[in-house]
Amino acid sequence: MQLKGFKKGTMAQKITKREEDYSQWYLDVIKEAKLAEHSPVRGCMVIRPTGMALWENMQKGLDQMFKDTGHENAYFPLFIPKSFMSKEAQHVEGFAKECAVITHSRLKAVDGGVEVDPESQLEEELIVRPTSETIIWDTYRNWIQSYRDLPILVNQWANVVRWEMRTRLFLRTMEFLWQEGHTAHATKEEAVDETLQMLDVYRSFAEDFMAMPVITGVKTESERFAGAEDTYCIEALMQDGKALQAGTSHFLGQNFAKAFDVKFQDKDGDHKLVWATSWGVSTRLIGGLIMTHSDDQGLVIPPKLAPTQVVIVPIYRSDEERATVIEYGDSIYNELKELGIRVKLDDRDNYKPGFKFAEHEARGIPLRIAIGPRDVQNENVELARRDTLSKSIESREGIGELAKKLLETIQNDLFETAKKRRDEMTSFVDDYDQFKKILDEKGGFIYAHWDGTAETEERIKNETKATIRCIPLDKGEEGTCMVTGKPSKQRVLFARAY
RNA sequence: CGGGGAGUGGCGCAGCCCGGUAGCGCAUUCGCUUUGGGAGCGAAGGGUCGCAGGUUCAAAUCCUGUCUCCCCGACCA
């Protein structure tokens, strides 16, 4: 039995509507879902328990995929000696402007307060890691002597700091959580394969767990990671038509092996430089998740990642009714729990059902089961989907299996909906004026021909704010550059980006 | 880092122009009535007005500095 959808707009509006102010909507969703908040430290956030539970679920999924592809976790220091940073020229250039530097080791008390003790100045300053290539490659030098020591397939879960000018919760913060994989190989082919393998891990994680469709491709020289030969990426499209780089996988060539003198003796007895990769995704994915699925009622997230997948809301008047309904709810709770569903029974007595409905919607719980005396009587439940905001009456019998099935349906539907939206906001353009027009009026992804030069790329960026997000891996047809008319090997993906 | 806006009980705001010792809504606590889409009434608790200086008999209010957040720009894997 189908019921009518929820009445919208009748509730007190705590969340700014998307079309009114997208940035404010994004902040409101995070706040109402209790994912994170601003901290007293500029550019840094407090990740609240719900936000952390979401990240932990993402970690679990990714970590399993890393283990399944032969990787192990390790942990390297937060601090990097300053001299390490300068060993790889491109790398230091890329990160120099956003490094936090530790110069002193202690404070001293001064009339009621504290100040930095000038006598504690460090002989060599320490850098708070913006990424760990340098300290890891310095370490790998000692781990690698023979081809038998290769490959090294290591990942670490860590925090990093990049001193950003302008920050946004999850999307760009000065400190963020991430994973960084660092691998060492005997041959170029093996390293390239690893780079592409991990890119595909990211793609499938984005699609299968986050229900977020992505385009895979390689970055142009100007967007490449400092110190990499090639940077591959997954690019997602947000609801407001802006692109988000959601993950990167770098083929580092022998740049860090050279810089840190990491060689191995091969079967033929020759000493050779090691080939490297690194790859990472961060809490930025949470920002992408929010902006892919959520609506004006608040957070919408896929069941696979939802900290709570099903919430049961009891409805009652008297104490007797309460006892009956809660008992009914408990049995449903146990049934779902048995099936491995992350379920909660919201038995708080100080909130009315309507309040709870709104709250659980704002917090993005995929499925809600409401039960009242009528349902106990008829052996029914009311089932509500967060993604479609639709409700139906279902039989108590078999509710566990139904919920489980429905969670899978929601997971798939979210992906299909997001993919459909992404495709609708993707254009193919051959004319530069048309390109500008679409960018301003519609936004989204634009596939266009480009002559492959940094000059043209720069010009387009300056004139339109759009950047080449990537050169897609599934190559299309040849053509001519929309700006210069010179030959183009394939269309590249343009968008304004976060 | 440049331009604009803002910081006042937990949250959202008024008061500031024109100085006179802080108020409203929501939330919280207690009580009663309620409970199928954000409950009602009654009572109570909670704020050195971001922080630091200065002017003044007197500063949330005027002046200077500083920190943080939001928007736009520059910058940025």
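Below, chains carry the letters A, B, ... as their sequence lines are ordered, and counting in each starts from 1.
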Open item on the list: Please report the distance separating the C1' of U48(B) from the corresponding atom of G9(B), rounded so that it comes out in whole Å.
Closed with: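 Here U48(B) and G9(B) have their C1' atoms 13 Å from each other.
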
Task: Whole-Å P distance, A43(B) and G38(B) - done: 26 Å

Open item on the list: Once hydrogens and angles are ignored, does a donor-acceptor distance under 3.5 Å link the base of A77(B) to the side chain of T231(A)?
Closed with: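 Under the 3.5 Å cut-off, the side chain and the base do not form any donor-acceptor pair.
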
TODO: Could you tell me whether the side chain of K356(A) has a donor or acceptor atom within less than 3.5 Å of a complementary atom in the base of G36(B)?
DONE: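 Counting by modelled atom types and ignoring angles, no donor-acceptor contact under 3.5 Å is found here.
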
Identified pairing partner of [N], criterion: Watson-Crick or G-U wobble below 3.5 Å:
N	result
G36(B)	none
G25(B)	C11(B)
G2(B)	C72(B)

Need one value for [X]: base, sugar-phosphate or nothing, where a base atom within 4.0 Å counts as base even if backbone is also close, heavy atoms only.
X	answer
D21(A)	nothing
G94(A)	sugar-phosphate
W163(A)	nothing
G43(A)	sugar-phosphate
R42(A)	sugar-phosphate

TODO: Please determine, for the side chain of F355(A), which listed nucleotide (C76(B), G38(B), C71(B)) has the closest atom?
DONE: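 Per side-chain heavy atoms of F355(A), the pick is G38(B).
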
- [ ] Taking only the side-chain nitrogens and oxygens of R166(A), find out if one of them lies under 4.0 Å from OP1 or OP2 of C72(B).
- [x]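 True: R166(A) side-chain N/O within range (under 4.0 Å) of C72(B) OP1/OP2.
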
Task: Below 4.0 Å: OP1/OP2 of A39(B) and any side-chain N or O of K352(A) - done: yes

Task: For RNA chain B, the residues among residues 457-472 of chain A that have a non-hydrogen atom under 4.0 Å from it - done: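 Contacts with RNA chain B under 4.0 Å: K465(A).
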
TODO: Please identify each residue that fulfils side-chain contact (heavy atoms from CB on, under 4.5 Å) with I315(A), with sequence neighbours left out.
DONE: P353(A), F357(A), A370(A)

TODO: Report the residues that fulfil side-chain contact (heavy atoms from CB on, under 4.5 Å) with L407(A), sequence neighbours left out, ordered by chain and then residue number.
DONE: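 With neighbours one apart ignored, the set is P303(A), Q309(A), V310(A), I341(A), P366(A), L367(A).
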
